[in-house]
Amino acid sequence: MKIAVLPGDGIGPEIVTEAVNVLNALGETFELEEAPVGGAGYEAAGHPLPDATLKLAKEADAILFGAVGDWKYDSLERALRPEQAILGLRKHLQLFANFRPAILYKELADASSLKPEIVAGLDILIIRELNGDIYFGQPKGFRRSPDGAFEGAREGFDTMRYSVPEVERIAHVAFQAAAKRDKRLCSVDKANVLETSQLWRDTMIEVAKQYPEVELSHMYVDNAAMQLVKAPKNFDVVVTGNMFGDILSDEAAMLTGSIGMLPSASLDANNKGLYEPSHGSAPDIAGKGVANPLATILSAAMMLRYTLGRAEQADRVENAVKKVLAQGLRTPDIWQEGATKVGTREMGAAVVAAL
Ligand code: IPM
Ligand code: MG
């Protein structure tokens, strides 16, 4: 099994190192190959997604990704900014199904800004479509406004679009995931306003006929944003488009109070996947040794489960993480009075020891 290791920018290299240590401690022989991506790719090869990095990602069975982005690249033209690396990988590798679980570990029940009774036992899975929508829809660009009250003014425009087969493939992924959980799937859209969403909703209803065991509901995205903070435990699996999923998955992550704990998987039709923490590159704390490596370690566990077919090893890693939390070890992002404050390396080493 070959794993492409793409640490990226900011805290990326520190947290990926810990996840690699965990993989190496499992007693399996994985072939790991590292390559620069994001700002690091730009520094090394003049592009956020260098050809050699893309080639490695294509060849590998799975990709372990850290994070990309740094303020110092904000003034580059869009095509050269670090974010284009992750968008490019998603598109080139057709990683269309993004799994973003939001789980509240009982040891961290007080970390949420919501009342404990609202979030205790929270276990939501957000499935976000990752290859379409307004992120990739053409045409997009800048132009002179062709009509309306501001005719002639400079304007920016993007295109929201989804085709039926595109919605069908993410629908199947979502129904199958829901069937393995509590069998409730909530599809989030804006069908009261957008044609794209009407087609999304109609397609979800069609595909639902093949999954009678799963209960499908629909919710407008504004209401979903509200319900996520009002009664988050009413959700089991949420499926939504690229843009709404970007926003709602950050909101769901913060319900747990600790985005530093949440892994994610982006899968293609054959379960090949890119695995990354849900959080970003946090350039403000890069190199300080304080970043929480657990989201990346848990992403490696997802990789073992979904792509590498090693569910038992995934269980071992997840149990090791629960064990270090039970031991009271906390990086600063999840630290509370009475717990033992540790840095990135100590946290990673504790997980390896618990294995
Ligand atoms: C995410 C991020 C990305 C996105 C950025 C970095 C392009 O916010 O993975 O959620 O918008 O998809
Ligand atoms: Mg995001």
Side-chain angles (χ1 to χ4, degrees), residues 6-12 15-16 36-42 47-49 53-54 57 63-102 124-137 140 156 158-162 166 170 188 221 224-225 228 238-256 258-268 273-284 286 291 295-296 298-299 302-303:
L6 312 182
D9 308 321
I11 58 172
I15 54 179
V16 165
V37 75
Y42 178 75
H47 194 278
L49 183 54
T53 302
L54 180 58
I63 301 149
L64 183 64
F65 190 93
V68 292
D70 195 318
W71 303 299
K72 66 180 178 216
Y73 304 110
D74 280 357
S75 56
L76 289 176
E77 60 174 285
R78 186 175 302 284
L80 295 178
R81 285 192 215 157
E83 291 75 14
Q84 295 304 311
I86 185 67
L87 295 175
L89 282 166
R90 289 171 183 171
K91 197 66 180 177
H92 286 296
L93 278 69
Q94 294 210 47
L95 306 168
F96 68 91
N98 187 205
F99 285 63
R100 297 193 165 182
I124 302 177
L125 175 61
I126 297 201
I127 297 182
R128 167 188 178 196
E129 199 290 329
L130 217 48
N131 274 183
D133 204 352
I134 196 165
Y135 269 57
F136 293 100
K140 63 161 75 199
D158 299 273
T159 306
M160 179 178 266
R161 55 191 284 187
Y162 267 121
E166 230 177 342
I170 192 73
V188 171
V221 62
L228 268 175
V238 172
V239 63
T240 189
N242 205 347
M243 176 79 150
F244 300 154
D246 178 44
I247 301 163
L248 293 181
S249 62
D250 265 29
E251 188 187 4
M254 265 332 278
L255 294 174
T256 70
S258 47
I259 198 165
M261 295 294 303
L262 299 176
S264 81
S266 305
L267 303 177
D268 75 1
L274 180 149
Y275 297 83
E276 59 174 325
S278 285
H279 60 72
S281 55
D284 52 326
T296 317
L298 291 166
S299 298
M302 283 184 100
M303 177 166 79

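Indexing begins at 1, ligand by ligand and atom by atom, following the structure's order. In this text the structure is predicted, and so the values were computed from the model without any measurement. Heads up: numbering here begins at 1 and tracks the sequence.
Minimum interatomic distance between Tyr162 and Gly241 (heavy atoms only, all atoms of both residues): OH-CA, 3.5 Å. Between His47 and Ala79, the shortest heavy-atom contact is NE2-O, 4.1 Å.
Against a heavy-atom cut-off of under 4.0 Å, Arg128 is close to the following atoms of ligand 1: 1 (C), 4 (C), 9 (O), 10 (O), 11 (O), 12 (O).
In this model, no donor atom of one side chain and acceptor atom of the other lie less than 3.5 Å apart for Tyr73 and Glu83. Judged purely by distance below 3.5 Å, without hydrogens or angles, the side chains of Asn98 and Ser266 pair a donor atom with an acceptor atom.
Test Asp158, Asp246, Asn242 against Tyr135 for side-chain hydrogen bond (donor to acceptor under 3.5 Å, both in side chains) and you get one pass: Asp246.
Among Arg90, His279, Glu276, Glu83, the residue whose heavy atom lies nearest to atom 3 (C) of ligand 1 is Arg90.
The protein non-hydrogen atom at the shortest distance from atom 11 (O) of ligand 1 is Tyr135 OH, 2.5 Å. Looking at atom 8 (O) of ligand 1, its nearest protein heavy atom turns out to be Asp246 OD1, 3.3 Å.
For Arg81, the closest heavy-atom approach to ligand 1 does not fall below 4.0 Å. Under a 4.0 angstrom heavy-atom cut-off, Arg100 registers as being in contact with ligand 1.
Look at Asp246 and the Mg ion (ligand 2): an N/O/S atom of the residue is under 2.8 Å from the metal.
Between Glu251 and Arg100 there is no salt bridge, since no side-chain N of the basic residue sits under 4.0 Å from a carboxylate O of the acidic one.
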